[in-house]
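Values below: every heavy atom of this structure, side chains too, minus hydrogens, waters and symmetry copies.
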Amino acid sequence: MAKKSITREMTGTKSPRQRIWEAIRTQISFTFQDLEHLAKQEPDCVKDYVKALSKAGFITVSGAQKVNTLCARNVYVLARDNGIEAPRFNVKGVLMSEGTANERMWGTMRRLFTAQEFNYRQLAAFSSTPNSQVSEATARRYMWFLQAAKYLECTARQKRGQPARFRLLATMDTGSRPPAIQRATSVIDQNTNCVMWEEKKGDEDDLV
């Protein structure tokens, strides 16, 4: 299937906070208003995320920008670069150090299982941490979509109770961001901004 480029800034894939974070990383210094414009997000969303980033030490106030004789606004700079993925916080504003299940599974495939065969049970086990477990069902489902999108090659079919085994194709290791599942009907590569697979009527119920 021909790969379709995503021209709508990955709508539905990037969260508002991811957009804000990416805007921050492009600027030497910035204000709330700069981020509202660059990330195209509502003021309250920008304000809440900037407050969380500031509290966690990712950004700091570097000065003030005069608005009028009575008012000035804070100017911020990036003090701690977390990389391409936006720092995540829970509802209490506490930094979440664990990546998402998809991030950890994708990272495990790229690092631990490079050029090696694996099954969904192994992927779940090696992607889990003491504080955040990846279930076998989650790993199996993610692998289903990655196989459908041609990221994974089946090297051994399921046999005598043993799960099928797969290998990540070297040509499909497109970058650090995990392929995103869109409403369980498509797979989007967040590194190349391409739709890699779309569900069609008649697709197999279970490929793994």
Side-chain angles (χ1 to χ4, degrees), residues 3-107 110-111 127 129 131-132 134 142 145 149 173-196 198:
K3 308 301 185 293
K4 296 191 299 184
S5 178
I6 303 300
T7 58
R8 59 181 186 279
E9 292 187 300
M10 298 289 286
T11 300
T13 299
K14 290 182 183 179
S15 67
R17 292 189 172 190
Q18 181 67 35
R19 292 173 183 273
I20 296 168
W21 177 249
E22 290 179 4
I24 288 173
R25 296 183 77 224
T26 66
Q27 303 302 300
I28 296 175
S29 61
F30 54 89
T31 65
F32 281 126
Q33 290 72 18
D34 292 332
L35 297 183
E36 290 171 24
H37 173 72
L38 291 167
K40 298 180 174 62
Q41 299 300 316
E42 294 298 321
D44 286 347
C45 180
V46 175
K47 182 178 180 180
D48 290 344
Y49 195 45
V50 166
K51 184 184 297 184
L53 290 174
S54 181
K55 182 178 179 180
F58 287 98
I59 61 176
T60 59
V61 176
S62 64
Q65 183 183 85
K66 188 174 181 180
V67 178
N68 53 48
T69 56
L70 299 176
C71 182
R73 57 175 66 118
N74 286 335
V75 176
Y76 297 86
V77 294
L78 180 63
R80 176 181 162 197
D81 194 344
N82 192 58
I84 190 171
E85 295 295 336
R88 289 182 298 275
F89 303 87
N90 62 22
V91 293
K92 296 182 179 179
V94 177
L95 179 66
M96 298 170 64
S97 58
E98 304 284 6
T100 66
N102 286 2
E103 287 171 350
R104 283 183 278 130
M105 286 189 290
W106 179 244
R110 297 179 67 234
R111 294 189 299 271
S127 301
T129 69
N131 297 322
S132 182
V134 175
Y142 196 54
F145 284 106
D173 183 357
T174 56
S176 61
R177 302 189 70 194
I181 312 303
Q182 292 263 300
R183 297 187 181 90
T185 60
S186 65
V187 178
I188 291 179
D189 193 306
Q190 300 186 94
N191 301 290
T192 63
N193 286 11
C194 288
V195 176
M196 306 302 292
E198 290 182 307

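A distance-only check finds no donor-acceptor pair linking the side chain of Arg104 to the backbone of Val134 [under 3.5 Å]. Here the side chain of Asp189 pairs no donor or acceptor atom with the backbone of Cys194 at under 3.5 angstrom. Remark: side-chain polar atoms of Gln18 are paired, donor with acceptor, to backbone N or O of Ala86 under 3.5 angstrom.
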Identify each donor-acceptor pair in which a side-chain atom of residues 23-32 lies under 3.5 Å from a protein atom, sequence neighbours left out, and give them as a table.
residue : atom : partner : partner atom : Å
Arg25   : NE   : Asp81   : OD1          : 2.9
Arg25   : NE   : Asp81   : OD2          : 3.3
Arg25   : NE   : Gly83   : O            : 3.4
Arg25   : NH2  : Asp81   : OD2          : 3.2
Thr26   : OG1  : Ala23   : O            : 2.7
Thr31   : OG1  : Gln33   : N            : 3.3
Thr31   : OG1  : Asp34   : N            : 3.1
Thr31   : OG1  : Asp34   : OD2          : 3.2

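Atom-to-atom distance recorded for Thr192:OG1 and Arg177:CZ is 11.0 Å, nearest 0.5 angstrom. Taking CZ of Arg17 as the start and CZ of Arg88 as the end, the distance is 11.0 Å to the nearest 0.5 Å. Taking CH2 of Trp106 as the start and OG of Ser176 as the end, the distance is 10.0 Å to the nearest 0.5 Å. Within the model, atoms CG of Leu35 and CD1 of Ile59 stand 7.5 Å from one another, a figure rounded to the nearest 0.5 Å. If you take NZ on Lys40 and SG on Cys45, they are separated by 14.5 Å, rounding to the nearest 0.5 Å.
Residues Tyr49 and Pro16 form no side-chain contact, since every pair of their non-hydrogen atoms from C-beta on lies 4.5 Å or further apart.
Of all heavy-atom pairs between Met196 and Ala149, the closest is CB-CB, 3.9 Å. Residues Glu103 and Pro178 come closest through the heavy atom pair CG-CG, 3.7 Å. Between Asn102 and Pro179, the shortest heavy-atom contact is ND2-O, 4.4 Å. The two residues Thr60 and Ala79 have their closest heavy-atom pair at CG2-CB, 3.8 Å. Of all the heavy atoms in Ala56 and Phe89, the pair that sits closest is CB-CE2, 3.7 Å.
Scanning for salt bridge (charged side-chain N to carboxylate O under 4.0 Å, His left out) contacts around Glu42 gives an empty result, with sequence neighbours left out.
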| request: In sequence, state the C-alpha distance, the side-chain angles, and the governing distance for Tyr142 and Val187, and then conclude on side chain to side chain contact (heavy atoms under 4.5 Å, CB included). | output: CA-CA 10 Å; Tyr142 196 54; Val187 178; over 6 Å; no

